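Single-structure report; data block below.
On a predicted model such as this, the values are computed, not experimentally measured, just so you know. In what follows, every chain begins at residue 1, and chains take the letters A, B, ... in the order their sequences are listed.
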Protein chains: 2
Amino acid sequence: MTEPGTTTPRERYRAQVRAEIKERAREQIATAGASALSLNAIAKQLGMSGPALYRYFTGRDELITELIRDAYRSLADTFGTVVRSGSGADLAALAHALRDWALADPQRYFLIYGTPVPGYHAPDDTTAIASEIMTFLLDACAELPAAAAPSAFDRHVEEHRRWADGHPAPPAALHRALSFWTRMHGILSLELAGHFTGMGFDAAQLFTAELDDLLAP
Amino acid sequence: MTEPGTTTPRERYRAQVRAEIKERAREQIATAGASALSLNAIAKQLGMSGPALYRYFTGRDELITELIRDAYRSLADTFGTVVRSGSGADLAALAHALRDWALADPQRYFLIYGTPVPGYHAPDDTTAIASEIMTFLLDACAELPAAAAPSAFDRHVEEHRRWADGHPAPPAALHRALSFWTRMHGILSLELAGHFTGMGFDAAQLFTAELDDLLAP
DNA sequence: AGGTTCAGTTAGAGGCTATCACGACGAGGT
DNA sequence: ACCTCGTCGTGATAGCCTCTAACTGAACCT
């Protein structure tokens with residue numbers, strides 16, 4: 001009997017093959033997009049034939065779901081190291097970390113924030129990681145000086161702060177977190193999709209301009 | 001000989017079948033996403049068998065490209081009627097028209113602004129329509145009162161205003177147009193993708209709050 | 001040593017895009 | 001009225017894909 005905490009050779013082998021499959025899948029997605037991901041092609045790269053992969057994943061959907069989960073995890077970890085190793089919960093630092101993370105692998109970003117496929121519903125644990133990410137944002141927003149008077153949306157979000165999951169941030173901070181999220185995503189999404197190419201201006205400068213404007217008032 | 005300007009019965013028939021194919025394609029995309037678009041399924045719906053569709057479109061890619069073109073055209077026309085029938089170039093009116101247009105068919109919005117497929121490059125005429133859309137935004141931004149002092153990004157965009165295609169708007173207006181685009185897209189994209197579902201707050205109120213903030217200073 | 005578990009194989013069903021060669025039919029010219 | 005030619009739609013076929021099922025062989029455990 002295998003003792004708890006140890007891994008049998010079979011388990012180690014299985015884990016390693018699973019990891020290798022995911023690695024190839026990541027490469028495919030990075031170069032050709034998630035819609036072009038082919039289990040057959042991955043199997044061929046690994047020197048085995050098609051159906052063998054179904055020993056490791058129940059199907060194409062589970063593989064993609066796993067990659068989505070990893071993407072969420074990676075972003076949450078990135079924020080985590082920024083907060084831990086940097087100067088605490090700094091919204092500007094999180095913003096630049098987010099941008100770097102997105103530019104490092106655009107298709108990974110779109111795995112999370114890209115076009116949704118109508119039928120698909122994300123598993124529960126990804127939403128858990130999403131709220132972990134949101135907590136980093138809320139922490140950073142709570143550190144900022146509060147604005148002058150509470151706006152109409154501040155009052156609205158105060159009545160619907162369930163999504164903040166008990167975070168003690170004041171309503172203006174909740175509002176600012178949502179603003180941060182949507183504004184950074186707006187620029188990044190358009191930039192990564194190439195909608196700025198050929199326009200001539202520097203997307204990085206637009207990003208920091210928007211960030212400064214968000215932090216200013 | 002057919003006179004120029006008239007249409008032969010064959011041409012009319014051809015145009016009608018093309019339109020019907022596109023109609024079914026729109027339905028499929030709206031309900032299952034662009035990745036699920038199947039020429040075979042469309043042919044079956046029209047009562048003909050597979051390869052017949054290749055008389056009307058050179059392939060799946062051309063059909064999708066055509067739908068993207070139509071989506072751009074539809075958005076430009078929507079902005080056009082807002083400007084023409086409404087109170088001129090009103091940024092808030094454009095914003096709400098954009099939101100209504102996006103909510104009416106989310107997958108059509110993602111056809112334009114969704115996850116890009118790495119190989120694909122949009123044809124030239126769509127970028128022409130895109131700049132037509134941008135012109136509506138610039139017109140509206142030029143009408144607004146100018147902000148106090150020009151920001152750093154205002155100066156940057158002043159040096160790279162080629163994309164504005166000779167539009168006489170001041171740099172602050174160019175900046176505001178970019179801000180408008182990215183901020184509205186940020187909210188709409190996340191809302192349409194379902195990232196707000198379960199969070200409890202009202203996306204419409206967030207949208208108007210962001211819009212007010214954008215118009216305020 | 002023997003039974004069990006599991007990885008990987010081939011075969012095959014059913015879906016898709018796309019090409020090709022063929023029949024059928026309507027439109028136009030004579 | 002006839003004939004020709006362009007065009008529409010067909011079935012057959014190749015080559016992808018996902019995924020299932022049955023089978024082989026080796027590693028593992030007792």
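Remark: DNA chain D forms stems of 3 or more consecutive Watson-Crick or G-U wobble pairs, all pair distances under 3.5 Å, at C:1-30 with D:1-30.
Counting to the nearest Å, the P atom of dC17(D) and the CG atom of D61(A) are 17 Å from each other. As a whole-Å value, the separation of R18(A) CZ from dA7(C) P is 11 Å. Protein atom OH of Y13(B) is 12 Å distant from nucleotide atom P of dA27(C), rounded to whole Å. One atom, CZ of R10(A), and another, P of dA27(D), lie 9 Å apart when rounded to the nearest Å.
Salt bridge status for E132(B) with R73(B): present, with a side-chain N to carboxylate O gap under 4.0 Å. Using a 4.0 Å cut-off between charged nitrogen and carboxylate oxygen, R69(A) and E66(A) count as a salt-bridge pair.
Nearest approach of G50(A) to A43(A), heavy atoms of both residues: N-CB, 3.6 Å. The two atoms that bring G186(B) and H185(A) nearest to each other are O-CD2, 3.6 Å, heavy atoms only.
Under the 4.5 Å side-chain criterion, counting only non-hydrogen atoms from C-beta, R26(B) is in contact with D70(B).
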Working for side chain to side chain contact (heavy atoms under 4.5 Å, CB included), residues L111(B) and T115(A):
CA-CA 9 Å; L111(B) 226 41; T115(A) 307; over 6 Å; no
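A distance-only check finds a donor-acceptor pair linking the side chain of R108(A) to the backbone of W101(A) [under 3.5 Å].
The aromatic rings of F196(A) and F201(A) sit tilted, their planes meeting at an angle between 30° and 60°.
Near DNA chain C, defined here as any heavy-atom distance below 4.0 Å, the residues from residues 37-57 of chain B are L37(B), S38(B), L39(B), N40(B), P51(B), Y54(B), listed numerically.
Contact between the side-chain N/O atoms of R14(A) and the OP1/OP2 oxygens of dA7(C) is found at a separation under 4.0 Å.
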